[in-house]
Amino acid sequence: MEMEMRSMEDTEIATDMTPSLVPLTFSLHHSNLHTHCSSCFSLLPLSPIPITPFLYCSPPCSAAHPFLLHHPAVSHSSDLRAALLLLSHHRPSVTSSRVAGLLSNRHKLTCHNNSDEDEVSERISSGVRALATAITELRGELEPDDAVLEEAECALCAVLTNAVEVQDKEGRALGIAVYGPAFSWINHSCSPNACYRFILSPSSSSSSQESKLRIAPSSFRGSPDSRIDSGLCTITNHFQKVNWGYFSALEEEEQNQGYGPRLIVRSIKRIKKGQEITIAYTDLLQSKAMRQLDLWSKYRFICCCMRCSVVPFTYVDHALQDVVITICNFPKTSQEISVSGCDFTSSSSSYNLVRDTAERRLNDSVDDIISEYLMAGDPEPCCEKLEKILMQGLCDELDNVEETPHYKFMLHPLHYLSLNAYTTLASAYKVRASDILSTTSTIYQNQLEAFDMSRTSAAYSLLLATTAHHLFNSESSLIASLANFWTGAGESLLYLARSSEWSKFFKSSLVASSVSKVKCSKCSLMDTFRAYICNGKIRNDDFENASNEFLDCISHDSTQKVWSFLVNGCRFLRSIKDPMDSGWLVSTSNSRATDPGALAKKKSEVCYLHESGNSIQTCEEQTCNENARVHIFELGVHCLAYGGLLAAICYGHHSHLASYVEQILDDKNNLIL
Ligand SMILES: [Zn+2]
Ligand SMILES: [Zn+2]
Ligand SMILES: [Zn+2]
């Protein structure tokens with residue numbers, strides 16, 4: 001890519017790299033027009049200010065109204081509305097295909113070589129026609145001419161290329177926004193050193209202690225050596241020389257001060273002066289192939305970041321796409337013979353073919369199950385089907401001739417589909433628990449069942465956090481996902497510990513005080529978290545110490561004690577001895593993707609996952625550890641504090657997630673018995 005932003009100074013982890021940036025253009029998604037402020041995207045108050053067709057939260061926001069254009073021809077699409085707004089303030093340069101200094105990428109987006117790309121370019125050209133109609137009518141002209149069509153294409157493509165999805169605190173998509181070069185010139189990396197967050201509130205509430213701009217473009221088409229060595233001075237000179245770009249955009253931003261959701265860029269790693277700033281344009285917990293596919297379909301580029309170009313794959317990318325393939329020679333009698341390695345070494349291409357089939361089949365199956373659940377909302381079959389795939393894998397159905405070998409495909413526990421499955425299962429079991437309680441909550445058997453569902457849900461949340469943490473050890477840019485996973489695990493463990501069902505099922509002699517202590521005598525995680533929330537300062541070393549202490553504290557025995565209790569109701573989970581013990585995860589050798597012979601090493605693991613459970617024990621049959629509740633509480637508090645710490649690093653110590661965690665930990669009514 002042509003443009004990039006670099007750090008103007010040495011920067012510690014968790015530093016805001018920009019002040020809050022105001023967008024060049026923005027638009028709520030259609031579905032949120034009646035619930036959220038059309039200017040700042042915050043949730044509307046009870047009596048919003050209506051100025052047809054939009055709704056605003058406050059007078060400062062309704063002042064944005066003359067700035068927001070609307071026209072029926074573009075009312076159905078947030079991309080088109082944003083493009084129309086962009087055009088009203090910026091004339092695209094058709095020769096350079098840029099708008100307000102932003103790359104439109106329009107030649108790449110509108111060229112098509114295959115049917116998939118045809119679809120994109122078809123969508124763009126119908127959008128361009130609608131947009132051109134709107135522009136022409138708003139300008140009081142009759143017919144859109146070629147110049148208008150070209151402007152429209154430039155603007156729409158600039159929106160498609162540069163827009164980011166604006167999300168609320170819970171991560172729901174609200175709409176889109178396009179920011180000036182200070183943000184839009186930041187390139188993608190699959191191992192980025194920065195992330196960003198949104199500020200959704202009327203402009204008047206903007207904080208006075210904002211960060212300065214710590215990033216600047218490197219010289220445009222300049223020699224790469226001079227721009228790094230000469231440091232800050234040259235960078236700012238170049239910054240000012242970029243005549244079509246930045247400062248006019250800044251002025252513009254000042255004029256429209258306060259309109260639209262604002263954004264702040266923040267470091268998630270230590271960054272050296274002159275080092276390029278990168279963010280993620282796609283989900284980093286996908287396999288390399290999936291990331292490349294996503295980036296290509298949205299932005300038409302092939303990622304060449306370090307993580308993508310290293311050969312062989314990084315450990316993380318290896319794990320995220322790891323499929324275990326076994327050969328069953330006699331499927332009819334279901335006698336399974338594990339692969340001996342030499343079956344594949346003879347021909348690497350046949351291995352690749354089988355591997356591709358495995359990847360596709362598993363991907364399709366898991367995707368189908370999850371989207372069926374999301375559409376129909378029935379959690380039970382979803383749980384059954386996902387767990388079946390996690391436990392037994394899939395058989396190669398296409399190959400039904402008896403003499404030829406059949407393949408069986410299993411997901412590695414760190415495969416991105418496995419991670420998706422854990423996420424879905426945690427949510428599906430939670431839904432099942434509340435479904436049961438909402439219908440027949442008075443029947444003992446149902447309460448017991450609901451309790452079982454809750455603990456299985458907590459177990460999946462914990463599994464998701466520990467597996468993702470294992471990946472995070474090799475890829476620290478996964479920190480933002482990890483913040484959510486640990487917080488989620490902490491929340492569901494605490495929920496479980498607080499459940500009033502305990503006294504009914506277990507003869508518990510615990511007193512309330514023993515489970516309401518949120519401070520741990522063995523580690524200082526809680527102090528680090530509170531100090532950070534309080535003064536907003538954390539150094540890289542503090543964070544590393546806190547991470548080590550956290551892992552030490554929860555690894556020793558607390559997870560294991562809790563785990564055997566949590567997984568009691570679930571056959572798949574019972575096959576995992578200890579989610580904190582990376583032993584069950586690291587069985588992948590780094591060379592496996594390129595060394596098919598190494599498949600043989602998998603044999604033990606396959607057997608391990610196949611270990612069939614006995615009939616599921618119920619709570620009563622189990623010798624219940626009276627301390628389980630205390631351990632669950634303690635583990636939950638640790639997970640929550642650690643998740644809060646990670647959230648504060650990624651999104652600031654005043655961020656919603658960090659404050660939310662603080663709130664739960666401080667809750668005086670934390671526990672009831
Ligand atoms: Zn507002
Ligand atoms: Zn990459
Ligand atoms: Zn501790």
Side-chain angles (χ1 to χ4, degrees), residues 1 22 26 28 32-33 35-45 48-51 54-65 67-68 166 168 174-175 187-193 198-206 258-262 278-296 299 301-310 313-314 316-317 320 475 477 490 517-529 545-559 630-631 633-642 645 665:
M1 295 206 99
V22 178
F26 52 92
L28 279 176
N32 298 314
L33 280 173
T35 47
H36 290 75
C37 174
S38 276
S39 175
C40 72
F41 289 20
S42 66
L43 206 60
L44 285 169
I49 305 174
I51 312 179
F54 300 125
L55 295 168
Y56 300 95
C57 73
S58 60
C61 280
S62 67
H65 189 76
F67 173 75
L68 298 181
V166 183
D168 68 4
L174 298 175
N187 285 326
H188 162 85
S189 164
C190 300
S191 176
N193 53 21
F198 297 100
I199 299 175
L200 312 179
S201 60
S203 62
S204 50
S205 60
S206 115
Y259 298 161
R262 283 157 294 147
T278 49
I279 54 171
Y281 293 3
T282 184
D283 179 3
L284 300 176
L285 276 172
Q286 298 175 100
S287 66
K288 180 185 164 185
M290 296 299 285
R291 296 197 306 272
Q292 296 281 5
L293 195 70
D294 193 38
L295 292 169
W296 179 258
Y299 308 105
F301 74 86
I302 295 162
C303 185
C304 306
C305 74
M306 281 290 281
R307 185 176 157 193
C308 285
S309 16
V310 66
F313 281 1
T314 61
V316 170
D317 278 325
L320 285 173
E475 178 53 71
S477 59
K517 247 180 31 219
V518 292
K519 200 156 161 55
C520 172
S521 55
K522 282 172 265 169
C523 73
S524 60
L525 170 68
M526 208 64 61
D527 297 332
T528 312
F529 172 66
N545 282 342
S547 295
N548 292 336
E549 281 195 311
F550 163 67
L551 290 178
D552 260 9
C553 213
I554 71 164
S555 297
H556 272 140
D557 47 14
S558 91
T559 316
V630 180
H631 292 310
F633 177 77
E634 284 170 354
L635 181 62
V637 166
H638 278 80
C639 296
L640 209 53
Y642 189 63
L645 184 68
L665 291 175

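For ligands, and for the atoms within them, numbers begin at 1 and follow the listed sequence.
- Counting only distance, with no hydrogens or angles, the side chain of E549 and the backbone of C523 share no donor-acceptor pair below 3.5 Å.
- Geometry at the Zn ion (ligand 3): SG/C523 and SG/C553 form an angle of 120°, nearest 10 degrees.
- Under the 30°/60° scheme for interplanar angles, the aromatic rings of F301 and H188 are found to be tilted.
- Side-chain atoms of S524 do not come within 3.5 Å of backbone N or O of D527 as any donor-acceptor pair.
- One N or O on the side chain of Y259 and one on the backbone of A63 form a donor-acceptor pair closer than 3.5 Å.
- Centred on the Zn ion (ligand 1), the SG atom of C61 and the SG atom of C40 lie at an angle of 110°, reported to 10°.
- Around the Zn ion (ligand 2), protein N, O or S atoms at less than 2.8 Å number 4.
- Between the SG atom of C57 and the SG atom of C37, the angle taken at the Zn ion (ligand 1) works out to 110° after rounding to 10°.
- Among C305, C304, C308, the one residue that satisfies the side-chain contact (heavy atoms from CB on, under 4.5 Å) test with S189 is C305.
- With respect to I49, the side-chain contact (heavy atoms from CB on, under 4.5 Å) criterion is satisfied by exactly one of C61, P59, C57, S39: P59.
- Between the NE2 atom of H638 and the SG atom of C520, the angle taken at the Zn ion (ligand 3) works out to 110° after rounding to 10°.
- Remark: side-chain polar atoms of R307 are not paired, donor with acceptor, to backbone N or O of S191 under 3.5 angstrom.
- Formation of a donor-acceptor pair under 3.5 Å by the T278 side chain with backbone atoms of N193 is found in this model.
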